[in-house]
Each structure stands twice: as structure tokens, then as C-alpha cells.
**Student:** 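The structure's right below; bear with me while I get my questions together.
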Amino acid sequence: MNRRRLIIAIDGPAGAGKSTVAKHLAAHFGLLNLETGAMYRAFALKALRGDIDPDDSAALARLAVSTSIVLEATPAGNRVLLDGTDVTGSIRDPEVTQAASKVSVHPAIRAWMVDLQREMGRAGGVVMEGRDIGTVVFPDADIKFFLDASPEARSQRRYEQASGPVAVESAPASEDVSQAVITRELRERDDRDRNRAQSPLRPAPDAVIVDSTFLTLDQVLERIESIVRERLAEQHLGDEHLATERPRSTERRGATERLVQG
Ligand code: DC
């Protein structure tokens, strides 16, 4: 049978833990992890560098014509190349985060990104993570998750991340970050991502909704992995993924790793 390999879609709002979960799930089942938000971020970075207003759809569409964005899945995480240059380290700045949400509103930009993402995932064998993967990019994905959490839990996680050793969205780790600022920025982004006219953030009708508000990373992973295992067995989809499944004890997960990214 000439069927493509497995595609798992993970969508959800900022701070729900998508990136962390997608990374572990991909490692666990021997899949590539593709983080589509990084592509919108890279394009937003180019717009900011070129002094282009992220609300100016005509100027952004012109910019897109001469832009190349490549997402590479590496064992250490995703690398994003903007016009051939690695910008992975620059796309998490707070300014870029807000601009990414703004540029992603424009239909021409979304159409371009969706084409690139379909091309990247075409052969399957991927966990693709974003806002519209199960609804638009791969409506025929084999398994779809919508990872959610209350706004309070999501902003609390971001706040902890900001006060900890990891660089974050709302401020460099060294700054004294106000939780109120993080909460406000997260809400602004939520509003924009959920209410845009083109492919707003929402669960696909056939997505499994996982609310991580009161769950730890391990609990979320256990739940998601067991659903994947069941589906693979039911649909005889990915025997090779079941075979490569790694026992949890051999996975390297930091003791303090939490649902902080994504
Ligand atoms: O997942 P992230 O926070 O890195 O995404 C940054 C922005 O990109 C997000 O606010 C909305 C947009 N985005 C999108 O519209 N569709 C996707 N599939 C992924 C991200």
C-alpha cells in the first residue's frame, strides 16, 4: 500500500505546553517534530528588521515573495533558516512574539505558510505543532490533539519560565518580569489567534482535547502517548512507531522540566 506515514497534529493556544509535548512525543515514537510557530516568527523577524508594519498586509505579501523559510528538525530541536541564515536564537524575543501573531492574521501569509508546511509534512512521520494543523494544514492527520489550559495556568507557567533560567517570551530571563505584563501579552495574543478571520485557533471536530491546567508534563505525556498507542494499534497505522517506542525510563527528561513552552 502506498500510504504516507503517520501525521500527528498538535494545536492549541500559547503556553499550553504544545512545544514541550510535541518534542517528547516525537522522540518517543521516532517521529520528526515540526514547530510551525517558528516559521511565523522567522517571517515576523524579517518584517521587523525591514521596518515593515506587521499590520500592512500588502507590504508583507510583497516581502513574502522574496523570503525563504526552512524549518529543520534536529535532535536538539527545530532550527529555522531565514533566507539561508539560522535565526533560531532570535525568534523568541517578545517583540517578535507579538509580531508573529500579527503577521499570521493575513490570508496571503497564511496561504504561503500552509503550502510550505504541507510540503514539509507530505511524506509523514511527523508531529506537527501549531494553531491550524488539524483544521487546515493536515485536516486528514491521523491523530489530532488540542492542548489547552486556563489562561491563568498558562500565564503562571510563562511567569515561572521568565523567572527561571530559560529565556522567554515576555522578557529576558534577567529582567524582573511582571506577571501582569505576561498575562496581558498572552491575552492579546490569544484574542488575535482565536478571532482572526482566516483559520482562527480552534479544535478540529475530531481532535482529542487535553486540558493541562491541573496536569504535570508527565501526566499529559502519559495521556497523549496512550491515545497514540491505541490509535496506532486500532488503525494498524504505525507498527514501526510502536516498535521504536522507547520505554519512558530511558528518556532524558529534566527533573524540573515543565509544561512551559508553546
Ligand atoms: O506557537 P508560537 O507561539 O511560536 O506561534 C507564534 C505565532 O504564530 C502565534 O501567535 C500565531 C502564529 N501561528 C499560527 O498562526 N499558526 C500556526 N500554525 C503556528 C503559529
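When a residue number appears, it is its place in the shown sequence, counting from 1.
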**Student:** Under a 4.5 Å cut-off applied to non-hydrogen side-chain atoms, are Leu6 and Leu232 in contact?
**Tutor:** yes
**Student:** Donor-acceptor pair, Asp53 side chain versus Asp55 backbone, under 3.5 Å?
**Tutor:**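 Pair found, side chain donor or acceptor close to backbone of Asp55.
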**Student:** Side-chain contact test, heavy atoms from C-beta onward, threshold under 4.5 Å: evaluate it for Val114 versus Val136 and give yes or no.
**Tutor:**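 Of all side-chain heavy-atom pairs linking Val136 with Val114, at least one is under 4.5 Å.
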**Student:** Among Glu152, Glu160, Arg158, whose side chain to side chain donor-acceptor pair (under 3.5 Å) with Gln156 holds?
**Tutor:** Glu160
**Student:** Decide, yes or no, whether a salt bridge links Arg194 with Glu188 under the criterion of side-chain N to carboxylate O below 4.0 Å.
**Tutor:**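 A salt bridge is absent here (no side-chain N lies under 4.0 Å from a carboxylate O).
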**Student:** To the nearest 0.5 Å, tell me how far Arg118 CZ sits from Ile7 CD1.
**Tutor:** 10.5 Å
**Student:** CZ/Phe138 to CD1/Ile8 distance, rounded to the nearest 0.5 angstrom?
**Tutor:**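 Between Phe138 CZ and Ile8 CD1, I get 13.0 Å after rounding to 0.5 Å.
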**Student:** I need the Ile143 CD1 to Ile224 CD1 distance, nearest 0.5 Å.
**Tutor:** 10.5 Å
**Student:** Of all the heavy-atom pairs spanning Arg202 and Phe146, show the shortest one and how long it is.
**Tutor:** C-CE1, 3.6 Å
**Student:** Run the side-chain contact (heavy atoms from CB on, under 4.5 Å) check on Val21 and Phe145 step by step: do they pass?
**Tutor:** CA-CA 11 Å; Val21 167; Phe145 292 100; over 6 Å; no
**Student:** What heavy-atom pair brings Ser104 and Arg110 nearest, and what distance separates the two atoms?
**Tutor:** O-NH1, 2.7 Å
**Student:** Any heavy-atom pair between the side chains of Gln117 and Leu34 that's under 4.5 Å?
**Tutor:** no
**Student:** Which residue, Arg223, Arg154, Gln219, Arg157, forms the side chain to side chain donor-acceptor pair (under 3.5 Å) with Ser212?
**Tutor:** Arg157
**Student:** Any side-chain heavy atom of Leu25 sitting closer than 4.5 Å to one from Leu31?
**Tutor:** no
**Student:** Which heavy atom of Ala204 sits nearest to which heavy atom of Gly134, and what is that distance?
**Tutor:** CB-O, 3.7 Å
**Student:** Please report the shortest heavy-atom distance between Pro13 and Asp190, naming the atom on each side.
**Tutor:** CB-OD1, 3.9 Å
**Student:** Does Leu81 reach the side chain of Val87, with side-chain heavy atoms less than 4.5 Å apart?
**Tutor:**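 A side-chain contact is absent here, since even the closest heavy-atom pair is not under 4.5 Å.
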**Student:** Measuring only between side-chain heavy atoms, which start at C-beta, is Gln198 closer than 4.5 Å to Val105?
**Tutor:** no
**Student:** Contact between Glu225 and Arg229 at the side-chain level, heavy atoms closer than 4.5 Å - yes or no?
**Tutor:**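 Yes, close enough: below the 4.5 Å cut-off.
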**Student:** Output the distance between atom CG (Leu32) and atom CE (Met128), rounded to the nearest 0.5 Å.
**Tutor:** 9.5 Å
**Student:** Let me confirm one number: the CZ-CG distance from Arg192 to Leu201, rounded to the nearest 0.5 Å.
**Tutor:**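 It is 13.0 Å, given to the nearest 0.5 Å.
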**Student:** For Thr36, check side-chain hydrogen bond (donor to acceptor under 3.5 Å, both in side chains) against everything at least two apart and list the hits.
**Tutor:** none
**Student:** Using only heavy-atom distances, determine whether the side chains of Thr74 and Arg79 contain a donor-acceptor pair under 3.5 Å.
**Tutor:** no
**Student:** May I ask you to check whether Asp83 and Thr85 show a side-chain donor-acceptor distance below 3.5 Å?
**Tutor:** no
**Student:** Is any side-chain heavy atom of Thr97 closer than 4.5 Å to a side-chain heavy atom of Arg41?
**Tutor:** yes
**Student:** Any ion pair linking Arg231 and Asp142 (charged N to carboxylate O, less than 4.0 Å)?
**Tutor:**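 Here Asp142 does not pair with Arg231 in a salt bridge, since their nearest N and O are not under 4.0 Å apart.
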**Student:** Measure the spacing between CZ of Phe43 and CG of Leu63 and express it to the nearest 0.5 Å.
**Tutor:**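 CG of Leu63 is found 4.5 Å from CZ of Phe43.
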**Student:** Could you tell me whether Asp11 and Arg131 make a salt bridge, using a distance below 4.0 angstrom between a side-chain N and a carboxylate O?
**Tutor:**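 Salt bridge flag = no for Arg131 with Asp11.
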